[in-house]
Every structure is written in C-alpha cells, then in structure tokens.
Amino acid sequence: MPYISTRGGMAPASFSDILLGGLAPDGGLTIPEVYPLVSTAELKRWRGLSYPELAFAILRKFIDDLPLETLRQLIDKTYTAAIFRDADITPVAPLDDGVWLLGLSNGPTLAFKDIAMQLLGNLFEHALLASGGQLNILGATSGDTGSSAEHAMRGKRGIRVFMLSPHQKMSRFQTAQMFSLQDANIVNLAVRGVFDDCQDIVKAVSHDARFKAAHSIGTVNSINWARVAAQIVYYFKGWLAVTSSDDQAVSFAVPSGNFGNICAGYIAKRMGLPIRRLILATNENNVLDEFFRTGVYRVRTAAQVAQTSSPSMDISKASNFERFIYDAVERDPERVRELWRQIDTRGYFDLTGTDAFQRARESGFVSGSSTHQNRLETIRRIYRESGRIIDTHTADGVKVGLEYREEGVPLICLETALPVKFEDSIIEALGHPPERPAGYERLETLPQRFEVMDADVERIKDYIAHHTD
Ligand SMILES: *Cc1c(COP(=O)(O)O)cnc(C)c1O
C-alpha cells in the first residue's frame, strides 16, 4: 500500500517510511494511494472475530511492509483484556431502543486515544529496534493526548518522551495520570504558562532542523497516519456488534475536535462498511459544524477558542481535516495547496456552492454542536433512562446523535472518555461523582515525578540536550 501526500509533493512511500513521521515533507498529510475495499463476503467472515483478529484483518490492508506474523504479534500484544480491562476491547452497551454506546475508553488513561496510541507504542518500538535508532518524542498537552502517549510509550526501548504541560492547569486526575509514572523514559516538564506556551515551544523546536536531527526529535500528534488507521477497526467492530445482516446500515455519532476519530469512520465507510450517517458533534468550538452547515472552513485564533467542559475538543483548527478535503476536491493536490494557502493568508476557505462541498455532504456527514447546558442535560437524561454515566465529550456526541436518530437505523454513539476524568462536570450534572474504576481510586495520592520549567525555548532545549544520548 503506497502512501502519498495530500499536497502532491512526496514520492510514494511505504507504511514503515511514514510511521515515525509527522507532516509529509511537503507540509501535507499522508494518505493511502487508494482505500482498500472490503467485500460483503469478508464482512460476513469477520462476524465472530475477536478484536485483535479483526484488527489484524483490517490493518494488514494498510500495513503491508511488516512480516504478517510480526504484525499479528504486535496487535496481539496491544489489544489484551489486561490493558483494556474488557475482553471485547470496545464493548457496546444499549442506551435506548436502537441506540448504543461503543465503549472506547477502557484503556489505561480512560479515553479513546489509548486504542490507537497503545498500538503506536508497539509499532514504534518495533521499528526502532529494527533500525537501532532512538526517538525522543517531544509533545505539548492540555491533558488527554499527553497522558495517552506517556502510557503507550512507558518502558519502550529506544523511546523517550518529553511532555510539556501547563504547570498547575490540568485537572488533578489528568495531572496524576501523567506525573505518577515512574518510568525512566518518561519526562514530565511542567511549564510555567498556558497550553499555548507549551505548544509554541514544541513548534519552535520543530522549526530548528539541526536540533531536531541532532537529538532525534519526533512527535505523536493526531495527524499520525497509524493512529487514524488503528481507529478504523472499532467502526467495523461496532457495526458487527449491533447488526445481524450484512447490508444493515448504522449511523455513528462522534464527538470531534481534530477530526481524527471521525476521519477513521469516514475511511471505514469508503472501504465499504455500511454506514448511513457520520454524525459529527462539536462543542462551542464549532469550526467543523460550521463547515458542514455552510461550506466555510474558518480556523480560529487562540484567543477565539473557548474553554469548555469538553476540553479535549477545544480546538482552533481540525488538523486531520485536510485528509477529508483532499477527497472532496477529487484528490487534486493543487486545489488542496490553494485552499490551505487561503487559510494561511485570510484564515478561511469557502466551498459554498461547489461540487467539492456537494461531495463532502454526500459522503454521509451531518453535524451539530452542544453547549455546556446541553451536555449537563444529556448526562442527566442518559443517567435517568439507562443508569449509565457518560462524560461531557460523549454527551456532546449523544446530544447531536439523538437529533439525527432515524427509525430503523441503529445509532452507535462513541464513548470517548470515562466520566471519572471529568468528575467536576458530573457532580454539577448529577450531584454526585461517578464511580471510579478499580485501580484508580487513589491515583491522586501516588508520588509524582515532574520538573517545573520556565516557558523558555532555550532552557528547554538545553534540558533535552542534557537528557538524551
Ligand atoms: C481527543 C478527544 C476527542 C476529539 O477527538 P478528535 O480525534 O480530535 O476529533 C474527543 N473526546 C475526547 C475525550 C478526546 O480525548
């Protein structure tokens, strides 16, 4: 499976070539040259497969330059009941008649990012052992991504993680998830500043090609193709779990920020999975909802991003969106370059009335957004009707999903985090905190390991230089 760039400036590369990279060399995103197709006969055979078996059947279509046995071992090592606390890995539970919750948040950090990140950790380690290389991952986090990356990379040979987070600005639970890790290859740098300061430092280091090369600096951000690929699997798993006939279509409701999760659903649909609607839900930061309603994609400035009660969706732009737009403009890299030039120069592009927008809509997307009050009401409603507590992000998706519910079409709502991660909002909605999963009861009392640093690029570079070999 050759991979190309959405901006047309990269010679076709193999999966292993693009695995460790971020952006393509031309500034675009990597994407398979063609989407592999899944036949009805295959779908039929996949009924009854375990999660790792299904993951192997799907991912081998995208990862064809590793020996099959190696790929199988890496997948088997990743998707275990011990790591995901459930033999189904992504169990479904009924919320209402024809409405289901796909549980994606049973991994170590209790959010859906673990599903892709845990595999990434094993793929990275394998690649680095094979090449004898060393990778120093530098990242910035406001919570979920950093902790998911650290839990996936802890103890991995050939990998070190330097994670910048805003000092004393994450929730106690999120802080404890990261800072309680005692692994020598995980370095938490608490930066005196806000998340944007952390991100600016990562950007500054990324622009210093010499430093990057000298210290083998890499990233694990949401544009990484392997993360999108790993997420495709659970759309198939969800469909298999709630249907019994091979042509039964379902709809998915997906709380969205960087368009990574729902991009995987879109690709599953292109591969032939019977998906009727991809229901995209945003919070008050509605960049993507605005696009699907109007055809205008307008990125926000940092100052325009609202801090909400679903913070992992508080984004100024949707970093994976270019993969989808590339298809909408019929894979014309010149048009992609032109559209992103417009974003750079005037902050938006407008596809209103174009064939591209028509195609974007016809690909099954509908959208909506929620407010803080909507999320609290949805949490209360679902608790009342099903006895389950959902988190604020999941509530975004459920709220918008129910608005598009159709008679006779199963609706699968993706659970992107467990409520315990956002306890304060649950207390606000229900008057009491959610139950903690076993093993997380005393997380905040564990000893913590972190360095406090000034938001100073040179000091942080210096620190990295002294802690890499
Ligand atoms: C990252 C995240 C999202 C948004 O996912 P995208 O892939 O960025 O669209 C939603 N909910 C939670 C809990 C997250 O951590």
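Values below: every heavy atom of this structure, side chains too, minus hydrogens, waters and symmetry copies. When a ligand or atom number is given, it counts from 1 through the structure's own listing order.
A side-chain donor from one of R323 and N320 sits under 3.5 Å from a side-chain acceptor of the other. In this model, a donor atom of one side chain and an acceptor atom of the other lie less than 3.5 Å apart for S309 and R375. A donor-acceptor contact closer than 3.5 angstrom links the side chains of D327 and Y266. Side chain to side chain, R160 and N136 meet the donor-acceptor criterion of an N or O pair below 3.5 Å. Between T282 and D289, the side chains place no donor N or O within less than 3.5 Å of an acceptor N or O (distance only, hydrogens not considered). Side-chain atoms of N261 and R227 form no donor-acceptor pair, as typed in the model, at a separation below 3.5 Å.
With a heavy-atom cut-off of 4.0 Å, F112 touches ligand 1 through its side chain alone. At a 4.0 Å heavy-atom cut-off, ligand 1 touches D144 through the side chain alone.
The distance from ligand 1 to the heavy atoms of S256 drops below 4.0 Å at these ligand atoms: 9 (O). Contact atoms of ligand 1 toward G260: 6 (P), 7 (O), 9 (O) (distance under 4.0 Å to a heavy atom of the residue). Counting the atoms of ligand 1 from 1 in the order shown, those under 4.0 Å from a heavy atom of K113 are 1 (C), 2 (C), 3 (C), 14 (C), 15 (O).
Y297 places none of its side-chain heavy atoms less than 4.5 Å from the side chain of D350.
Summary of contacts: the protein heavy atom closest to atom 9 (O) of ligand 1 is G257 N, 2.7 Å. Counting protein heavy atoms only, atom 8 (O) of ligand 1 is closest to N258 N, 2.7 Å. At the shortest separation from atom 12 (C) of ligand 1 among protein heavy atoms lies T416 OG1, 3.5 Å. At the shortest separation from atom 7 (O) of ligand 1 among protein heavy atoms lies N261 N, 2.9 Å.
Every N/O-N/O distance between A111 and ligand 1 stays at or above 3.5 Å. No N or O atom of A417 sits closer than 3.5 Å to an N or O atom of ligand 1.
For the side chain to side chain contact (heavy atoms under 4.5 Å, CB included) test with I382, the passing option among V99, L95, I389, D96 is L95; the others fail.
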